[in-house]
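One structure is given below, encoded as C-alpha cells.
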Protein chains: 2
Amino acid sequence: MKAISPGRKVRGSKTGKPIMALLDLLGRRMTLRVLWELREGPLTFRALQTAAATNPSVLNTRLAELRQAGLVAHEGEGYALTPLGRELLAVFLPLHVWADRWADKVRVEVRKGGA
Amino acid sequence: MKAISPGRKVRGSKTGKPIMALLDLLGRRMTLRVLWELREGPLTFRALQTAAATNPSVLNTRLAELRQAGLVAHEGEGYALTPLGRELLAVFLPLHVWADRWADKVRVEVRKGGA
DNA sequence: CTTCATGCTATGTTTTCCGTAGCGTTTTGT
DNA sequence: ACAAAACGCTACGGAAAACATAGCATGAAG
C-alpha cells in the first residue's frame with residue numbers, strides 16, 4: 001500500500017508538499033465521500049459501504065489511507081473521524097450549502113445557453 | 001463526455017443531489033489540483049499542464065467538466081476561474097494552512113507509533 | 001515562410017476502480 | 001449449545017480511468 005502522508009512522494013508532484021499530498025489524497029475516488037458520510041458519527045465498515053455506495057475493496061483501500069493520514073480511526077463503534085479528520089471536514093461543511101446554490105446557478109446557465 | 005452537473009446521475013449516487021455531484025466532480029484526479037493551480041490567475045492549457053504535472057488528455061477532460069460545471073472558463077488569457085469557481089476555491093483556501101499543520105501532526109503521530 | 005506557442009486529439013500501456021463471491025470471527029437470537 | 005446474522009476484510013476478473021508520448025491544426029511573430 002502506498003501510504004499518503006505529507007513529505008512523501010505524491011502522484012502528480014515530486015515535491016511532497018503537504019497541500020499536494022492532501023489534494024492527492026482527496027482526489028481519489030470516495031475519499032471525500034467517506035469523510036462526508038462520517039460527518040454525523042461513526043459507521044461500521046458495512047454501513048459505510050452502503051452509505052457511500054461503494055465496494056469493500058475500494059473502501060478498505062481508502063480507509064487504510066485515511067487511517068494512515070490520521071483522519072479516521074477504527075474504534076469500538078466502527079469507523080469515525082479523528083479530531084484531525086473533524087477539522088478537515090469542517091472546511092468542507094460549507095460545501096453543502098454552496099452546492100445547492102451552485103445547482104441553481106448552473107441550471108440557469110444551462111438554460112440561458114442551451115436549447 | 002459525461003457532464004457533471006447537479007441533478008444528473010452521478011458515480012456512487014443515484015440521487016443526483018448537488019453535494020453528491022460536487023463530491024463526484026472534486027473526487028476525480030486533478031480536479032482539485034486544477035482549481036488550485038488557477039488560484040492566482042489564468043493559465044494557458046500548456047502552462048496548466050505543467051503546473052499540475054499532468055497530461056493533455058486528462059487535463060482536457062477535467063477542463064471540459066469544469067467548464068460545464070461553470071467553474072472554469074476559457075477566455076483570451078487562457079483558462080481562468082469563473083466567479084463561481086472563485087467562490088468554490090475560497091472554501092479550499094484554508095486547506096493550505098491546514099495542510100501544513102496536518103503535516104506536523106501526522107509526522108508526530110507516525111514518530112510516536114512508529115520505529 | 002519558417003519558427004514558435006497554443007489548444008487539443010490519438011494511441012498504447014499501466015493503474016485504478018468496480019462488482020461479486022467468499023473467508024474467518026464475533027455477536028445475536030432461540 | 002447452536003444456527004443465523006453481522007462484522008471486517010480479501011481475492012479475483014473485467015471495465016474504466018489515468019498516464020505518457022507523439023503529433024496535428026491554427027494563429028501570431030520574426
Side-chain angles (χ1 to χ4, degrees), chain A residues 1-4 8-15 20-21 23-38 41-69 71-82, chain B residues 1-4 8-14 20-21 23-38 41-69 71-81:
Chain A
M1 219 273 294
K2 272 173 290 180
I4 298 180
R8 182 153 324 192
K9 259 195 309 266
V10 168
R11 262 186 341 194
S13 165
K14 275 96 187 163
T15 66
M20 295 307 166
L23 292 179
D24 180 33
L25 173 59
L26 299 181
R28 298 186 178 183
R29 216 162 277 175
M30 291 299 153
T31 305
L32 279 170
R33 181 71 179 270
V34 165
L35 292 174
W36 184 257
E37 297 296 345
L38 291 177
L43 290 176
T44 68
F45 187 92
R46 281 169 129 96
L48 197 48
Q49 186 185 328
T50 301
T54 186
N55 59 4
S57 53
V58 171
L59 179 57
N60 192 40
T61 305
R62 290 299 163 268
L63 284 173
E65 291 164 0
L66 287 168
R67 291 166 80 173
Q68 288 223 20
L71 302 175
V72 163
H74 187 207
E75 314 134 32
E77 327 89 50
Y79 285 95
L81 296 175
T82 62
Chain B
M1 218 274 294
K2 272 174 292 181
I4 297 179
R8 182 154 323 192
K9 260 195 308 266
V10 166
R11 265 185 339 194
S13 165
K14 275 96 189 162
M20 294 307 166
L23 291 178
D24 180 32
L25 173 60
L26 299 180
R28 299 186 178 184
R29 217 162 277 174
M30 289 301 153
T31 305
L32 280 170
R33 181 70 179 271
V34 164
L35 292 174
W36 184 257
E37 297 296 345
L38 291 177
L43 291 176
T44 68
F45 187 93
R46 282 168 128 95
L48 197 48
Q49 186 184 329
T50 301
T54 186
N55 61 357
S57 52
V58 171
L59 179 57
N60 193 39
T61 305
R62 290 298 163 269
L63 285 174
E65 291 165 359
L66 287 168
R67 291 166 79 173
Q68 287 223 23
L71 301 175
V72 162
H74 188 207
E75 315 133 30
E77 326 88 51
Y79 286 93
L81 297 174

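Letters A, B, ... are given to chains in the order of the sequence lines, protein chains preceding strands, and every chain is numbered from 1.
- The side chain of A:Arg29 places an N or O atom within less than 4.0 Å of a non-bridging phosphate oxygen (OP1 or OP2) of C:dC18.
- As a whole-Å value, the separation of B:Asp24 CG from D:dA17 P is 10 Å.
- Considering only heavy atoms from C-beta on, B:Asp24 comes within 4.5 Å of B:Arg28 through its side chain.
- The shortest side-chain heavy-atom distance between A:Arg33 and B:Met20 falls under the 4.5 Å cut-off.
- Looking at residues two or more places apart in sequence or on another chain, you find a side chain to side chain contact (heavy atoms under 4.5 Å, CB included) between A:Thr82 and A:Ala73, A:Leu84.
- Atom C1' of nucleotide C:dC18 and atom CG of A:Leu59 are separated by 13 Å, given to the nearest angstrom.
- Rounded to a whole Å, the CE atom of A:Met30 is 10 Å from the C1' atom of C:dC18.
- Of the inter-residue distances, the one linking A:Leu59 atom CG with A:Glu37 atom CD reads 11.0 Å to the nearest 0.5 angstrom.
- An end-to-end axis angle of 30° holds for the helix from C:dC1-D:dG30 to C:dT30-D:dA1, taken from five base pairs per end and rounded to 10°.
- Following rounding to the nearest Å, B:Glu75 (CD) and C:dT6 (P) show an atom-to-atom distance of 16 Å.
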- Are B:Arg29 and A:Arg29 close enough, and set up right, to give a side chain to side chain contact (heavy atoms under 4.5 Å, CB included), and what steps lead you there? CA-CA 8 Å; B:Arg29 217 162 277 174; A:Arg29 216 162 277 175; over 6 Å; no
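- Between B:Arg28 and D:dA18 there is no side-chain polar atom (N or O) within less than 4.0 angstrom of OP1 or OP2.
- Looking at heavy atoms from C-beta onward, A:Leu66 lies out of side-chain contact with A:Tyr79 at the 4.5 angstrom threshold.
- Shown here for B:Leu43 and B:Leu48, the closest heavy-atom pair between the two residues is CD1-CD1, 3.7 Å.
- B:Asn55 places its CG atom 16 Å from the P atom of C:dG12, with the value rounded to the nearest Å.
- Rounded to a whole Å, the CG atom of B:Leu66 is 13 Å from the P atom of C:dC8.
- Within the 4.5 Å cutoff, no side-chain heavy atoms of B:Glu65 are placed close to those of B:Arg67.
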N/O to N/O distances under 3.5 Å, protein versus nucleotides 6-13 of chain D:
{"unit_1": "D:dC7", "atom_1": "N4", "unit_2": "A:Arg46", "atom_2": "NH1", "d": "3.3"}
{"unit_1": "D:dC7", "atom_1": "N4", "unit_2": "A:Arg46", "atom_2": "NH2", "d": "3.3"}
{"unit_1": "D:dG8", "atom_1": "OP1", "unit_2": "A:Phe45", "atom_2": "N", "d": "3.0"}
{"unit_1": "D:dG8", "atom_1": "OP2", "unit_2": "A:Phe45", "atom_2": "N", "d": "2.7"}
{"unit_1": "D:dG8", "atom_1": "OP2", "unit_2": "A:Arg46", "atom_2": "N", "d": "3.1"}
{"unit_1": "D:dG8", "atom_1": "N7", "unit_2": "A:Arg46", "atom_2": "NH1", "d": "2.5"}
{"unit_1": "D:dG8", "atom_1": "O6", "unit_2": "A:Arg46", "atom_2": "NH1", "d": "3.2"}
{"unit_1": "D:dC9", "atom_1": "OP2", "unit_2": "A:Tyr79", "atom_2": "OH", "d": "2.0"}
{"unit_1": "D:dT10", "atom_1": "OP2", "unit_2": "A:Asn60", "atom_2": "ND2", "d": "2.3"}

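- One can place CG of B:Leu48 at 18 Å from P of C:dA5, the figure rounded to the nearest angstrom.
- Counting heavy atoms from C-beta outward, A:Thr54 and A:Val34 have side chains that stay 4.5 Å or more apart.
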